[in-house]
Amino acid sequence: MSAATSVSASNRTLAATLSFIWELMAGHRLLYSLAITTLFLSTVFGFVVPLIGSAAIDYALSGNDPDPASLTGLIVAMLGGPELLARNLWIAAAAMVGFTLVGGAFSYLKGRATAQASDGIARRLKDRLYRHLQLLPVRYHDRTNTGDLVQRCTSDVETVRQFLAVQVVELGNSAILLLAVIPIMLSLDVRMTFASLVLIPVLVVFGFVFFRRIRSVFKDVDETEGELTAVIQENLTGIRVVRAFARQDHEKAKFASPNARYRDHSLKMIRQMAWYWSLSDLVAMLQFGLVLIGGIWLISRGELTVGTLFAFIMYLNMLLWPVRQMGRVLTDLGKTNVALGRIGEVLAAEPEPPPARPAPPPPEPIAGRIRFDHLSFHHDGDIPAVRDFTLAIPAGETLAILGPSGAGKSTLIHLLLRFYDYSEGSITIDDVEINRLDRRWVRDCVSVVMQEPFLYSKTLRDNIRLGAAAAQEDAVAEAARAACIHDTILEFGEGYDTLVGERGITLSGGQRQRIALARALLKPAPILVLDDALSAVDPETESLILEALRRRRGRSTTIVIAHRLTTLAHADRIAVLDQGRLVQLGTHEELVTQPGLYRRIWEIQHRVESDLADELRSANPAPTVTPS
Amino acid sequence: MNTFGQEDDFRGKLDLRLWAEVFKHALRHRRFLWPLAGAAVLIAAIDASFALVTKYAIDGVLENPEGFSLVGVAALYSLLVLGMSAGVWLFIEMAGSISNHVSHDIRRACFHRLQEMEFAFFDVRPVGWLITRLTSDCDRLARIIAWGFLDLLWGSCLLVMISVILLVLDFRLGLLILAVVPPLVVLSIYFQRKILLSAREVRRLNSKITATYNEGISGVRTTKTLVREDADLAEFQGQSGAMFAASVLNARQSALYYPLVMTLGSVAAGIALWYGGVSVLAGAMTLGTLVAFLNYAGQFFNPINQMARILTEMQGAQAAGERVLSLLRAEPAIFDRPEVTERVRRAAAAGLPPGAAPDGREADIDTIEFNSVRFAYTGGPAVLHDFNLTVTRGQTIALVGPSGSGKTTVVGLLARFYEPTQGRVLVNGTDYRERPLEWYQSNLGVVLQTPHLFRGTVRDNIRYGRHGASDAEVEEAARLVNADGFIAQLENGYDTDIGEGGNRLSTGQRQLLSFARAILADPRILIMDEATSSIDTETEALIQAGLRRVLAGRISFVIAHRLSTIRSADRILVMNAGRIEESGRHEELLRQRGHYYSLYTRQFRRESEDAALDATTPL
C-alpha cells in the first residue's frame with residue numbers, strides 16, 4: 001500500500017505542492033517574512049565586516065587614495081576618513097566587532113523566527129492530523145495500517161518541518177548571498193568576480209548529480225540495516241527455543257552474514273562519500289586558488305589592491321559553504337514532495353459525516369429503549385452480516401445474544417454505536433432514529449466493553465475514569481469491585497496509580513477485560529453492552545461479576561453477547577443469531593422447549609453434565625457419590 | 001521497572017576508562033587507525049598553512065612587484081590543495097572503515113555473548129531494549145570512537161600549529177589573540193552541552209508523541225465509544241505544545257551560540273587589525289603578516305567547536321556505552337563447572353566407549369529426581385518450596401494448577417534453564433550440575449506454549465531440532481506427530497515459506513510443527529507447555545494422537561490445560577503456591593474430591609460448552 005501511495009504522491013504537480021505549503025504556512029507567514037528580513041540584514045552586516053578590514057588595509061595602512069564611489073571608500077568615509085583611521089585604528093577594530101554583534105543579533109532573531117514558524121507549522125499540522133484521525137470513520141481505520149499512519153504523522157511531518165526550517169532558509173540564504181554578493185563583487189572588480197564564481201555552477205551540479213545517484217546506496221544501507229534488525233529480533237524473541245535446542249552456533253552463523261552485509265554496504269556508502277567530499281573540496285579549493293593567484297597577478301600589475309583581494313577571499317569563504325549544500329538541498333526537495341503527498345492523502349479522507357437529516361435528540365432522561373427494525377447491513381461487497389433483523393428491547397431489560405462466531409452479533413453493536421452507517425431498516429433509541437442523531441450523542445448513551453478492550457498508557461484510575469472524568473474515588477472503587485478487579489489493583493505496587501502499558505505493568509487478558517468493565521460500569525449511560533467481554537476471565541470470577549451485574553439489573557438496558565450459556569443465564573430474554581438472522585427469541589424456559597439452535601446447545605450442555613457424572617461414577621464406584 | 005530506561009545522562013564526568021575500553025576495539029583495526037591519524041595531522045597542517053601561503057604571496061608581491069614569480073605560489077598552492085583532497089578522502093574512508101568495523105565487531109561480540117546467557121537474564125530484559133543495544137548503540141559508540149579520534153587529533157593539532165605560527169610571526173600579538181581561546185572553549189562547552197541536552201529532550205518528546213499517535217490510532221474505536229475526542233486532543237496538544245517549546249529552545253540556543261563565538265572571533269580580528277595596523281604603520285610588521293593574523297583570528301572557532309561537540313557527545317553516550325559494555329562483560333550464570341570440563345577433557349583423551357556421554361558417564365537417562373528443591377528468581381521471593389519428585393523413563397507427568405503456582409518453574413529447572421536455589425536435581429542419581437550442560441540440554445525436547453518458529457521453510461523449521469537430519473528423517477518426524485497431512489496441503493509442501501514467526505500458519509499448525517521439531521532430536525526428556533488458546537477440534541484430535549506416540553518411552557513433563565492430556569498422564573501434580581498440593585492418577589485424584597476435582601469439573605464444563613457451540617458453526 002505504501003509503495004503505491006508514494007508513487008501517486010511523487011506524481012503531484014509542483015503547483016499542488018506549493019499551494020499546500022502556502023496553506024500550511026497560514027498564520028506564520030508574518031514570522032517567515034521576519035525570518036527572511038533578519039536573514040538578509042544579518043547577511044548584509046556580515047558582508048561589511050571584511051570590507052572594514054579591507055578598507056583599513058588599503059587606505060589607512062597602504063596609503064592608497066580611496067575611491068569615494070566604491071563600497072570600501074564609503075566605509076572609510078563613514079569611519080572618519082583614511083587619516084583619522086590611520087591614527088585611530090581602534091575605530092576600525094571596534095567597527096568590526098560592532099558590526100559582527102549587530103549582524104549576530106539579526107542572525108539570532110532569524111534563527112528564533114524560523115524555529116517558531118517551522119515548529120509552529122509542524123505543531124499545528126500534527127494537531128490537525130491527530131484530530132482528523134480521530135474523526136475519520138471506523139471503516140477507514142479498518143482498512144489502514146497503524147504503523148503507516150503513524151509514520152505519516154511523525155516522520156513525514158518531520159521531513160516537512162526540516163524543509164521549512166532548514167531547506168527554505170538554506171535556499172533563501174544562498175539566493176540572498178548570491179544576489180547580494182555579485183553586485184558588490186562587480187563593483188569591486190569585474191575580472192575577479194568572474195574568477196570567483198566560475199567553478200560554483202560545477203559544485204552545484206556535481207552535488208545535485210551525486211546525491212541523486214547515491215540514493216540507491218542509501219537505500220541498500222537502510223534495507224540491510226532492517227534485515228539485520230529483523231534477524232536480531234527473531235533470535236532474541238526466540239532465544240528460549242535457541243537454547244532449548246542448543247542451536248547457538250547455527251544462530252551465530254545466521255547472524256554473521258547480515259551483520260557483515262550491513263557493514264559492507266555502509267562501507268560502500270562511506271567510499272562514495274569520501275570521493276564526493278574530496279572531489280568537491282578539490283573544486284572548492286581550486287576556486288580559492290583561482291582567486292588567490294589571479295588576485296596576486298593583478299596586484300603585481302598594479303591593477304588590484306591587497307585589501308580588495310582580501311575582501312574577495314572573505315566573500316568566497318561565505319559563499320562556498322552554502323553553495324556546496326545546494327546540490328543536497330535540491331535532491332531533498334523530492335523527499336519533501338513525497339512526504340507532503342502522503343500527509344495530504346490522510347487529510348483528504350472524509351471524516352464521519354454529520355446526520356443528513358438531523359433530528360432533535362429524545363428528551364432527557366433517556367430511558368434506553370432500543371428498537372431494531374428490518375435492519376440489514378453488509379460490509380463492502382461482502383455477504384450480509386445482518387439480515388432483516390427486527391427486535392425491540394424495552395428500557396431496563398437485560399438481553400443476551402447467543403450465536404456462533406460470524407453470526408453478526410458484534411456487527412449489531414457496531415451499528416448501534418454508529419461505527420458504520422446502515423442503509424436498510426432502522427435502529428432507534430427512545431424512538432428516535434439514530435442515524436439522524438449526532439454520533440457522539442448516540443455513543444454517549446452507550447457504555448460498551450469490547451472483545452479486545454483497549455487500555456491507555458495512563459494510571460489504572462484514569463483508565464477506569466475515562467468515561468466519567470469527574471468520578472470520585474469511592475465511585476471508581478465501587479465500579480472496580482463490581483468488575484472484581486479492585487483487590488487485584490490493590491495488589492499492584494502503586495494501587496490505582498499503577499501505570500498501564502509499556503512504561504508500566506502488563507495486564508493479562510482477563511485483567512484488561514475487567515478494567516474495561518469497571519470503566520463501562522462507571523460511565524453513566526442508559527445502555528450497557530458487553531461484547532463477549534468476559535471471555536478471558538476465569539469461571540469463578542466470571543460468576544462473581546455476573547452476580548454483581550444481576551444486582552445492577554434495571555439500572556440500564558443491557559445487552560450481553562457471549563458464547564457460553566452460563567454467561568447468559570441471568571438474562572431476561574435471549575436472542576439467538578445465526579448467519580445475520582434472528583432465529584430465536586424468548587426466555588430460557590421458552591427456548592429450551594422449542595426445537596432449534598438454543599435447545600440443541602442446551603442439550604449438548606446437558607449431556608455434558610451427565611457425561612461428567614458418568615465419568616465420576618466410573619472413577620469412584622462408591623454408590624454414595626452424586627455429581628453436583 | 002524503569003531500570004531499563006533509555007535516557008542519556010550528562011551528570012557524570014567524562015569516563016576515560018570506558019572510552020579506552022571501547023577504543024580497544026578500534027585498536028584491532030590498526031591498518032585504518034594509522035592512516036587516519038596521518039590524515040588528521042596532514043589536514044591540520046594544510047589548514048594551518050593556507051594563510052601562511054597567502055602571507056608570503058602578498059609580502060612577496062609587495063616587496064618586489066616585478067620580480068615576483070607566481071609560479072612558485074601556484075605550485076605550492078596546488079600541492080596543498082591536492083594534499084588536502086587526498087587527506088579528506090583518506091580520513092572519510094579510514095574513519096568510516098573503523099566506525100563500521102568496530103560496530104560490526106562489538107555487535108557480533110554482544111550477539112555471541114547473548115547466545116550463552118541463561119533464561120533469567122532474558123526474563124528481566126525486554127527484547128526491544130536488547131535490540132537497541134545491538135543496533136543503534138553499537139553504531140553510535142563506533143561512530144563516536146572513530147570520528148571523535150579524528151576530530152580530537154585534528155582539532156588539537158590545528159590549535160597547536162596555529163598558536164605556534166602566531167607566536168613565531170609576532171609573539172606579543174600572538175599572545176593577545178590567543179587570549180580569546182579560553183573564553184571560546186568555555187562558551188563552546190557550555191553551549192554544546194545545553195544544545196545536546198535540549199536536542200535529547202526534543203527526541204524524548206517526539207517518541208512520546210509517536211506513542212500517543214499509536215495509541216490514538218489503535219484505540220480509535222474506544223475513543224469514539226467513550227466520546228473522548230476532545231479530551232484526547234487536549235492531551236495531545238499538551239504534548240505537541242511541549243515539543244514546540246523544546247524545539248524552539250533548542251533552535252534558540254544554537255542561534256545564540258554562533259553569533260557569540262563569531263563575535264569572539266571578531267574581537268580577535270579587531271585586536272589583530274588595531275595592534276597589527278599600528279605595527280604595519282610603524283614598519284614593524286608586513287602587510288602580509290597582518291592579513292595572516294586576520295585570517296587566523298577566524299580559524300579558532302571550528303576546531304574548538306568540533307572538539308567541544310565530540311566531548312559532549314562522548315559524555316552523553318556514556319550511559320549507552322556502559323550498557324553495551326555490560327552486555328559484553330556479562331557472565332552466564334549457568335555453565336559447566338571446571339571439574340566437569342576437566343572430566344570431559346580426560347574422557348575425550350581416554351577415548352569414549354560407545355553409549356557414554358562426553359564426560360564418560362552413562363549417556364542414557366533413566367531417572368530424574370528433584371530433591372528438596374527450592375527456587376527463587378533473582379531478588380524475588382521463593383516460587384517453589386521443598387519440591388520432591390522422582391520420575392522414571394516412560395512416565396508422563398502432568399502439571400496442573402492456577403497461573404503462578406510454579407508449573408513453569410518446575411519445567412525450567414528440569415531443562416536446566418534455571419538451577420535450584422537450594423536442593424538438587426539428580427540425573428540417574430547424579431546432580432545435573434556435575435554433568436556437561438550441552439550434553440544434558442541436547443537430550444531435551446521442548447515445546448513451548450507459544451511455539452516460536454523462524455522465518456524459512458517448513459523443512460528448515462523442523463530441522464531446527466537436529467542439525468544435519470536428512471529429509472527423510474524430517475518427514476518421518478512430521479508423520480509421527482500427524483503434521484504431514486497439513487504440510488502436504490501447503491502450496492509447496494515441505495518447502496513452503498511460513499512467513500515471519502510462522503504467521504502464515506494457524507496456531508494449531510504451528511504447534512504441530514514445533515512438535516515435529518522437538519521429536520526430530522529423539523530427546524530422552526520431553527517438556528511441553530500446552531497451548532491455552534483454542535485450537536479447532538480436528539487439529540486438536542491430531543495433536544492428541546501425535547502426542548501419545550511422542551510421549552512413549554521418554555520422561556515427559558506436560559503443563560497441561562486439556563482434559564485429554566491430563567487424563568492420560570501417569571501422574572498428575574496439582575500445584576499451588578509453589579507446592580505440590582495433590583498428586584496421583586486421574587481416578588485417584590477425582591476420588592479425593594479436592595482441588596483436582598474442582599479444577600477438572602470446571603474445565604470439563606468449559607470445554608464442552610466450547611465444543612457445543614463449535615458444533616453449530618457452519619463450516
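Proteins get letters first, then strands, A, B, ... in listed order; numbering begins at 1 in each. Predicted model only: the values in this text are computed from it and were never measured.
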Using heavy-atom distances under 4.5 Å, tell me whether [X] contacts chain B through its side chain, its backbone, both, or neither.
X      : answer
A:A86  : both
A:K254 : side chain
A:H250 : side chain
A:I293 : both
A:L109 : neither
A:A92  : both
A:A230 : both
A:A94  : neither
A:E225 : side chain
A:Y262 : side chain
A:I296 : both

For the residue pair [X] and [Y], establish whether any side-chain heavy-atom pair is separated by less than 4.5 Å.
X      : Y      : value
B:D232 : A:Y130 : yes
A:Y108 : B:R252 : yes
A:I57  : B:L294 : yes
B:Q115 : A:I239 : yes
A:F454 : B:R221 : no

Side chain, backbone, both or neither: which part of [X] has an atom under 4.5 Å from a heavy atom of chain A?
X      : answer
B:F91  : neither
B:V220 : side chain
B:F122 : both
B:V61  : side chain
B:L62  : side chain
B:Q253 : neither
B:S78  : neither
B:L90  : neither
B:V227 : side chain
B:Y77  : side chain
B:D139 : side chain
B:A415 : neither
B:Y600 : side chain

Of the listed residues ([options]), which shares the most heavy-atom pairs with chain B below a 4.5 Å separation?
options                        : value
A:E352, A:K252, A:M269, A:Q248 : A:K252
A:Y276, A:F419, A:F106, A:F99  : A:F419
A:E251, A:R161, A:M450, A:R519 : A:E251
A:L267, A:I232, A:V242         : A:L267

Heavy atoms only, distances under 4.5 angstrom: which of [options] has the most pairs with chain A? Name it, please.
options                        : answer
B:A272, B:S514, B:G219         : B:G219
B:T135, B:L287, B:I58          : B:L287
B:E118, B:E438, B:M262, B:M117 : B:M117
B:T210, B:V280, B:L589         : B:T210
B:V127, B:V446, B:T225, B:L264 : B:T225
B:G465, B:G265, B:A521         : B:G465

Distance-only, no hydrogens or angles: does the A:K126 side chain make a donor-acceptor pair with backbone N or O of B:Q237 under 3.5 Å?
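No, the answer is negative, given that no donor and acceptor are paired below the 3.5 Å cut-off.
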If only atom types and distance count, is the side chain of A:E234 paired as donor or acceptor with the main-chain N or O of B:R455 below 3.5 Å?
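Looks like yes, one N/O pair under 3.5 Å.
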Applying side-chain contact (heavy atoms from CB on, under 4.5 Å), run through A:F288 and B:V81 and close with a yes or a no.
CA-CA 10 Å; A:F288 261 111; B:V81 165; over 6 Å; no
Geometric cation-pi criterion A:R247 and B:Y464, 6.0 Å radius, 45° cone
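Ring-cation test returns yes.
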Tell me, please, whether B:F119 has A:R240 positioned over its six-membered ring: NZ or CZ under 6.0 Å from the ring centre and within 45 degrees of its axis?
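The answer is yes, since A:R240 meets both limits relative to B:F119.
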Indicate the atoms forming the closest heavy-atom contact of A:S107 with B:P259, along with that distance.
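Here A:S107 and B:P259 meet closest at OG-CG, 3.8 Å.
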Can you list the steps and then say if B:E229 with A:R443 is a side-chain contact (heavy atoms from CB on, under 4.5 Å)?
CA-CA 12 Å; B:E229 289 93 340; A:R443 287 169 192 161; 4.1 Å; yes
Between [atom1] on residue [X] and [atom2] on residue [Y], distance to nearest 0.5 Å:
X      : Y      : atom1 : atom2 : result
B:L249 : A:R112 : CG    : CZ    : 10.5 Å
A:L236 : B:R125 : CG    : CZ    : 12.0 Å
A:S278 : B:L82  : OG    : CG    : 11.0 Å
A:D249 : B:H112 : CG    : NE2   : 8.5 Å
B:M243 : A:D119 : CE    : CG    : 7.0 Å

When you check the side-chain N and O atoms of A:N259 and B:R107, is any donor under 3.5 Å from an acceptor?
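Side-chain D/A pair, A:N259 to B:R107: present.
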With no hydrogens and no angle check, just 3.5 Å: does a side-chain donor-acceptor pair link A:Y456 and B:T223?
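There is such a pair between these side chains.
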Thinking salt bridges, do A:R131 and B:D230 make one under a 4.0 Å N-O criterion?
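Answer for the salt bridge query: yes.
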